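All figures in this text were calculated on a predicted structure; none of them were measured in a lab. Chain identifiers are assigned alphabetically (A, B, ...) following the order of the sequence lines, protein sequences preceding nucleic acid strands; residue numbering begins at 1 within each chain.
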Amino acid sequence: MVKQVTAKSEDFSTWYNEIIRKTELADYSPMKGMMVIRPHGYALWENIQRLLDDRIKATGHVNAYFPLFIPESFLQKEAEHVQGFSPEVAWVTIGGKEELEEKLAVRPTSEAIIGYMYAKWIKSWRDLPVLINQWANIVRWEKVTRPFLRTTEFLWQEGHTCHETAEEGEAETLKILSMYKEFCETELAIPVLSGRKSLREKFAGAQMTYAIEALMSDGKALQMGTSHNLGQHFSKAFDIKFEDRSQTLQYVWQTSWGMTTRTIGALVMVHGDDSGLRLPPRIAPVQAVLIPIALGDWKTSVLPVAREVERELKERGVRIKLDDREEYTPGWKFSEYEMRGVPLRIEIGPRDVKAGTAVVVRRDTRAKESVALASLKDRVTVLLDEIQKGLFEQALRFREDNTRDASNYQEFKSIMENERGFIRAVWCGNEACEDKIKEETQATIRVLPLEPESAETAGVCVCCGEPGGTPAFFAKAY
RNA sequence: CGGGACGUGGCGCAGCCUGGUAGCGCACAUGCUUGGGGUGCAUGGGGUCGGCGGUUCGAAUCCGCCCGUCCCGACCA
């Protein structure tokens with residue numbers, strides 16, 4: 001029997017939940033909102049970590065690790081920060097059997113504890129910039145949770161930097177933003193819009209938040225990463241001062257930025273189809289699965305050939321898996337690896353051995369071809385590249401087809417109601433309009449593009465009709 | 001946190017209305033068979049019916065409370 005999955009078009013949420021569990025990316029744990037990332041899902045995370053970590057280090061950052069707990073008083077130092085996070089902080093009040101003198105927050109983010117340490121470490125302009133990143137888990141007591149998209153505990157990377165000048169801080173913030181964008185598009189094959197957040201949507205305690213946003217295939221937007229220019233908000237709160245080049249004491253300029261396990265949810269929602277996952281080759285834990293067709297004397301005729309192919313592809317750097325289990329039929333394996341999203345399937349059977357060929361099937365297009373064993377290595381490499389590109393292009397086309405201009409509010413409401421997706425429209429900059437739009441259409445400002453040309457709509461505010469606004473991308477968001 | 005739905009072997013469900021010895025499909029185990037799109041047959045193991053309490057001679061079934069999951073809203077990566 002076929003392991004059926006609810007059709008994506010029929011019930012997106014159910015489809016998403018079923019994919020997560022049937023592909024063994026994650027499973028529910030006994031605690032509300034807490035999931036277990038299973039080996040298949042964690043392997044994806046490890047690939048994301050590795051590829052992102054390379055980029056973080058290539059831009060001069062180093063990794064460190066700060067404590068899981070943050071004293072209550074630290075968290076309270078930056079007023080907006082406390083207020084923003086207080087509804088979702090988990091507290092430790094007892095250690096062993098002793099009541100603690102001061103409650104400890106389980107970090108919802110690490111600005112506070114890191115700020116405290118930076119104040120100890122930074123004395124002079126010669127200590128700057130400080131470019132530190134940490135890979136960590138954090139806890140936010142969420143009311144509504146969904147696997148990967150919003151869980152009580154999640155994994156992420158958080159960068160925390162200090163700079164001499166406001167300009168350097170801003171430059172760092174933007175550098176990371178474009179690094180995130182490049183990472184998503186190159187490795188995850190997910191096109192993103194990047195830009196500034198409205199003040200309403202910005203990080204609690206930041207001066208300015210920038211973000212990248214992707215469009216899921218149900219027409220809702222998902223934030224894929226954020227980069228904050230913290231200005232001097234935290235350095236003033238934590239007294240992070242340095243003596244500048246003219247021997248004057250100054251507060252440092254800071255940034256923080258993060259990307260989370262949520263990106264795995266995005267991979268599912270952007271690329272998945274009714275048969276399961278479709279993983280971009282660059283982050284797929286297994287890039288090609290090799291299935292020997294067990295017929296007749298296959299163990300002596302087919303299997304040795306398959307093993308040789310496996311060896312050659314491994315040597316080529318392809319993450320290949322030979323599945324020679326006898327208890328499953330080839331047909332069963334085909335479906336299983338499709339469900340798990342393995343980009344390429346290679347079949348070798350008696351007919352192929354005789355002809356000196358292999359059958360290669362793409363997961364993204366399901367295109368099937370026969371390839372001579374001699375040229376298999378090259379062909380596989382080419383196909384993996386094409387799949388990576390194809391998935392990105394398909395996602396990009398989807399986003400373009402689902403990005404619409406709205407020149408007036410009627411149009412805006414009708415698009416949100418009928419089509420969803422991104423709406424490109426002018427916003428006057430007034431929070432009243434932002435709130436009204438959110439209340440009436442559920443759409444929020446996802447980003448205010450940095451380059452005006454990426455949103456050519458000029459004119460009056462889509463909501464109030466006042467002139468002199470800025471272009472914005474709106475969407476319903478996860 | 002508000003509105004709605006659901007909770008029965010690992011998964012999907014029936015049984016509940018009208019209380020009386022817990023069932024089906026898939027999965028799992030063993031054997032044979034089969035193998036180029038989820039092979040077929042046979043045999044077998046596995047469930048304090050989400051939890052606690054109440055009603056009753058007797059509760060998966062009726063009542064109350066709690067917990068969890070999903071969907072739709074308010075808050076967030």
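The distance from atom CG of A/Leu295 to atom C1' of B/rU33 is 14 Å, rounded to the nearest whole Å. One atom, CD of A/Glu336, and another, C1' of B/rG37, lie 14 Å apart when rounded to the nearest Å. Distance, A/Glu24 CD to B/rC11 C1': 12 Å, rounded to whole Å. The interatomic distance linking A/Arg325 (CZ) with B/rC28 (P) rounds to 10 Å, in whole Å. Taking atom CH2 on A/Trp332 and atom C1' on B/rA27, their separation rounds to 10 Å, with Å as the unit. Here the C1' atom of nucleotide B/rU34 and the CD atom of A/Glu327 are 14 Å apart, to the nearest Å. Look at CG on A/Asp274: it is 19 Å from P on B/rG38, rounded to the nearest Å. A/Glu326 has its CD atom 14 Å from the C1' atom of B/rU33, to the nearest Å.
Pairing for B/rU69 is with B/rA5, a Watson-Crick or G-U wobble pair whose two hydrogen-bonding atom distances lie under 3.5 Å. B/rG64 and B/rC52 make up a base pair, with Watson-Crick or G-U wobble contacts both under 3.5 Å. Shown here, B/rG47 forms no base pair; nothing in the strands shown gives a Watson-Crick or G-U wobble contact with both key distances under 3.5 Å. Figure legend. B/rC24 is base-paired to B/rG12; pairs are counted as Watson-Crick or G-U wobble with both atom distances under 3.5 Å. For B/rG36, there is no paired nucleotide, since no Watson-Crick or G-U wobble pair has both relevant distances below 3.5 Å. B/rU30: Watson-Crick or G-U partner is B/rA42, with both key distances under 3.5 Å.
At a threshold of 4.0 Å, the pair A/Glu24-A/Arg340 counts as salt-bridged, since one of the basic side-chain nitrogens sits closer than that to a carboxylate oxygen. The pair A/Arg278-A/Glu338 does not count as a salt bridge, with every side-chain nitrogen at least 4.0 angstrom from each carboxylate oxygen. We find that A/Arg325 and A/Asp323 are joined by a salt bridge, their nearest charged nitrogen and carboxylate oxygen being less than 4.0 Å apart.
Residue A/Gly265 is out of contact with every strand shown, counting any heavy-atom pair closer than 4.0 Å. Looking at heavy-atom distances under 4.0 Å, A/Gly349 makes contact with a base. Within the nucleic acid shown, A/Arg366 has no heavy atom closer than 4.0 Å to any nucleic acid atom.
Under the 30°/60° scheme for interplanar angles, the aromatic rings of A/Trp156 and A/Phe154 are found to stand perpendicular.
Using a 4.0 Å cut-off, some side-chain N or O of A/Lys32 falls inside it from OP1 or OP2 of B/rU69.
Taking atom P on both B/rU56 and B/rG15, the two are 28 Å apart, rounded to the nearest angstrom. Atom C1' of B/rU61 sits at a distance of 24 Å from the matching atom of B/rC70, rounded to the whole Å. Remark: the separation of the P atoms in B/rA27 and B/rU69 is 29 Å, to the nearest Å. Nucleotides B/rG68 and B/rG50 are separated by 16 Å at their P atoms, to the nearest Å. Atom name P, nucleotides B/rG23 and B/rG44: the rounded distance is 14 Å, in whole Å. Distance check on atom P: B/rC28 versus B/rG10 gives 15 Å, rounded to whole Å. B/rG64 sits 26 Å from B/rA22 when the P atoms are compared, rounded to a whole Å. For B/rC67 and B/rG51, the C1' atoms lie 7 Å apart once the distance is rounded to whole Å.
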Which donor-acceptor pairs under 3.5 Å do side chains of residues 138-148 of chain A form with protein atoms, sequence neighbours excluded?
from	atom 1	to	atom 2	distance (Å)
A/Arg140	NE	A/Pro108	O	2.7
A/Arg140	NH2	A/Pro108	O	2.7

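Judged by the 6.0 Å and 45° rule, A/Lys77 forms a cation-pi pair with A/Phe74. Taking the centre and axis of the six-membered ring of A/Tyr478, the NZ or CZ atom of A/Arg150 falls outside the cone set by 45° and 6.0 Å.
In this model, no side-chain donor or acceptor of A/Arg21 finds a partner on the base of B/rG10 within 3.5 Å.
Residue pairs meeting the ring-ring contact (aromatic ring centres under 6.0 Å, His included) criterion with at least one member in residues 196-227 of chain A, sequence neighbours excluded, are A/His81-A/Phe203, A/Phe85-A/Phe203, A/Phe203-A/His228.
With RNA chain B read from its 5' end, the first of the two nearest nucleotides for A/Ala358 and A/Met31 is the one closest to A/Ala358. The 5' end of RNA chain B is approached more closely, in terms of each residue's nearest nucleotide, by A/Gly331 than by the other of A/Met34 and A/Gly331.
Nearest nucleotide to the A/Tyr328 side chain, out of B/rG36, B/rG38, B/rC28: B/rC28.
Interatomic distance, NZ of A/Lys181 versus CD1 of A/Ile190, reported as 12.5 Å (0.5 Å rounding).
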Nucleotide-resolved protein contact map, nucleotides 70-77 of chain B, B/S/- at heavy-atom distance under 4.0 Å: SS-BBSBB
